[in-house]
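Below, read A as the first sequence line, B as the second, and so on, with proteins coming before strands; counting in each chain starts at 1. What you see is a predicted model; the values in this text were computed from it and never measured.
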2 protein chains.
Amino acid sequence: MPTSTLAIGALAKRTGVKIPTIRYYESIGLLPEAPRTGSNRRTYDEASVRRLRFIRHARELGFEVEAIRQLLTLADDPGGPCREADVLARAHLAEIESRITRLEALRDEVRRMVEGCAQDQVRSCHVIEVLADHAHCLHERH
Amino acid sequence: MPTSTLAIGALAKRTGVKIPTIRYYESIGLLPEAPRTGSNRRTYDEASVRRLRFIRHARELGFEVEAIRQLLTLADDPGGPCREADVLARAHLAEIESRITRLEALRDEVRRMVEGCAQDQVRSCHVIEVLADHAHCLHERH
DNA sequence: TTAGAATCTCCAGCGACTGGAGGATTGAGG
DNA sequence: CCTCAATCCTCCAGTCGCTGGAGATTCTAA
């Protein structure tokens, strides 16, 4: 095996994604089928590391596999079929912005909880009220 | 049934959480066991609406049921056992801040994609690079 | 009073992993 | 060269967090 390629275990270590998960991503087509060695072992390169790290971060941020698949397609093909890609990208952008807004509201409340706690004061907590507030919800359908 | 109480279907409509999901949350203890009518139907009130909306938003933001359970416990008992609660709340706070940072990086890149697309320019996309960047990752273990 | 809507419980299925069983391959130390 | 732990392979069953269908009961409104 050339020194420039990685075994699945090395890829796992460098990305923080578990080995079975990497195989799972390949099985559902999020990662391309890895080239195999003569003894049938998967080989990876630096591009695999970047792609897999992207997938991992996006998953941690709560994006579904299908959304990630779309984002990857967009990224793989910049300046591609713009009309469709644009609609897609804008939808993702709106979703991302919505999450940021709601996370900031949550952060402010939890921060207040922590501060109140540090000062050892008994104060009421509004975490639920803040996040339950319909105004913070960007969905229309309810 | 008193007019001030809600049936499960009404709760579902007001929170955007599906009926089976509400029953599921009760089964795993995220929601308390709902009082029943004489004919065994669950009844809810305004507090249920707030609690359930909180759960919904937190889930959408990617928090696990276990984290939500902890947050709810904290919120239910403000000024409670401060030492433990403080550690917990601070951990959640760090996690929330990490998510915001990473979402902002993603937002900036997707925004650039959308803008590039609107101008109909063929330009390279750095979404993967940005999110794959180890610097944006606040985990230590890899 | 009776059709249809809403609820109940139970249970099976899905998305996204996660890990164990059983077997082959590799590569560092003796 | 040989061994043996480490690493990899495939297959498959299990977990978490829902989601929805089946069949039975209850409520509501004409």
Side-chain angles (χ1 to χ4, degrees), chain A residues 1-3 5-45 48 51-72 139 141-142, chain B residues 1-3 5-45 48 51-72 139 141-142:
Chain A
M1 189 166 72
T3 49
T5 71
L6 297 165
I8 197 169
L11 180 65
K13 255 172 208 141
R14 291 195 48 193
T15 59
V17 177
K18 291 173 183 172
I19 291 174
T21 305
I22 296 173
R23 292 198 272 247
Y24 170 72
Y25 286 156
E26 180 179 314
S27 80
I28 63 169
L30 265 195
L31 290 177
E33 289 193 14
R36 305 294 183 108
T37 65
S39 60
N40 200 34
R41 298 191 170 192
R42 292 170 178 83
T43 60
Y44 299 93
D45 57 16
S48 314
R51 194 177 183 93
L52 190 48
R53 278 192 183 152
F54 170 77
I55 295 169
R56 177 163 111 68
H57 288 300
R59 285 294 299 132
E60 279 179 6
L61 293 173
F63 290 91
E64 304 183 347
V65 163
E66 198 43 47
I68 296 171
R69 197 192 299 279
Q70 293 176 354
L71 248 13
L72 285 170
H139 294 257
R141 215 171 320 98
H142 67 268
Chain B
M1 188 166 68
T3 49
T5 71
L6 296 166
I8 198 169
L11 179 65
K13 255 172 206 141
R14 291 195 48 193
T15 59
V17 177
K18 291 173 183 172
I19 292 173
T21 305
I22 295 173
R23 293 198 272 247
Y24 170 72
Y25 286 156
E26 179 180 314
S27 80
I28 62 169
L30 267 194
L31 290 176
E33 289 193 14
R36 305 293 184 111
T37 65
S39 61
N40 200 34
R41 299 192 169 193
R42 291 170 179 84
T43 60
Y44 300 92
D45 58 16
S48 315
R51 195 176 182 92
L52 191 48
R53 279 191 182 153
F54 169 78
I55 295 169
R56 177 163 112 68
H57 288 300
R59 286 294 299 133
E60 281 179 7
L61 293 173
F63 289 92
E64 303 182 348
V65 164
E66 198 41 48
I68 296 171
R69 196 190 302 277
Q70 292 175 354
L71 248 12
L72 284 170
H139 294 257
R141 215 172 319 99
H142 68 269

Value in whole Å for how far the [atom2] atom of [N] lies from [atom1] of [X]:
X	N	atom1	atom2	answer
B:Arg59	D:dT19	CZ	C1'	14 Å
A:Leu31	C:dC17	CG	C1'	14 Å
B:Asn40	C:dA6	CG	C1'	14 Å
B:Glu66	D:dG17	CD	P	8 Å
A:Arg41	C:dG23	CZ	C1'	12 Å
A:Glu33	D:dC9	CD	P	13 Å
A:Glu64	C:dC14	CD	P	16 Å
A:Glu60	C:dC17	CD	P	11 Å

Donor-acceptor list for residues 17-32 of chain A side chains, cut-off 3.5 Å, not counting sequence neighbours:
from, atom 1, to, atom 2, distance (Å)
A:Glu26, OE1, A:Ala34, N, 3.4
A:Glu26, OE1, A:Arg42, NE, 3.1
A:Ser27, OG, A:Tyr24, O, 2.6

Nearest to the side chain of [X], heavy atoms from C-beta on, is which of [options]?
X	options	answer
B:Ala7	D:dC8, D:dG17, C:dT7	C:dT7
B:Arg36	C:dT26, C:dC17, C:dC8	C:dC8
B:Ile8	D:dT10, C:dT7, D:dT7	C:dT7
A:Arg42	D:dG17, D:dT26, D:dT10	D:dT10

Subject >> Test item: A:Thr15 and A:Ile55 side chains (from C-beta on) under 4.5 Å apart, heavy atoms >> reply: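 Result no, sub-4.5 Å side-chain heavy-atom pair not found.
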Original post:
Atom CG in B:Asp45, atom CG in B:Leu11: separation rounded to 0.5 Å?
Top reply: 9.0 Å
Original post:
Atom CZ in A:Arg59, atom CD1 in A:Ile68: separation rounded to 0.5 Å?
Top reply: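 Output value for this atom pair is 5.5 Å.
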Original post:
Between A:Arg41 (side chain) and A:Ile8 (backbone), is there a donor-acceptor pair under 3.5 Å?
Top reply: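 A pair under 3.5 Å: no.
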Original post:
Does any N or O in the side chain of A:Arg53 come within less than 3.5 Å of the main-chain N or O of A:Arg14, such that one atom is a donor and the other an acceptor?
Top reply: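 Indeed, once roles are kept as given, a pair shorter than 3.5 Å links the two residues.
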Original post:
Between A:Gly38 and A:Lys18, which has a closest nucleotide on DNA chain C that is more 5'?
Top reply: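 Looking at DNA chain C, the more 5' nearest nucleotide goes with A:Lys18.
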Original post:
Under 4.0 Å between a side-chain N or O of B:Ser39 and OP1 or OP2 of D:dT25?
Top reply: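 For B:Ser39, the contact criterion (side-chain N or O under 4.0 Å from OP1 or OP2 of D:dT25) is not met.
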Subject >> Residues A:Leu71, A:Phe54; criterion side chain to side chain contact (heavy atoms under 4.5 Å, CB included); working and verdict >> reply: CA-CA 10 Å; A:Leu71 248 13; A:Phe54 170 77; 4.0 Å; yes
**OP:** Check DNA chain D against residues 19-30 of chain B and give the residues with a non-hydrogen atom under 4.0 Å, in numerical order.
**Re:** B:Pro20, B:Thr21, B:Tyr24, B:Tyr25
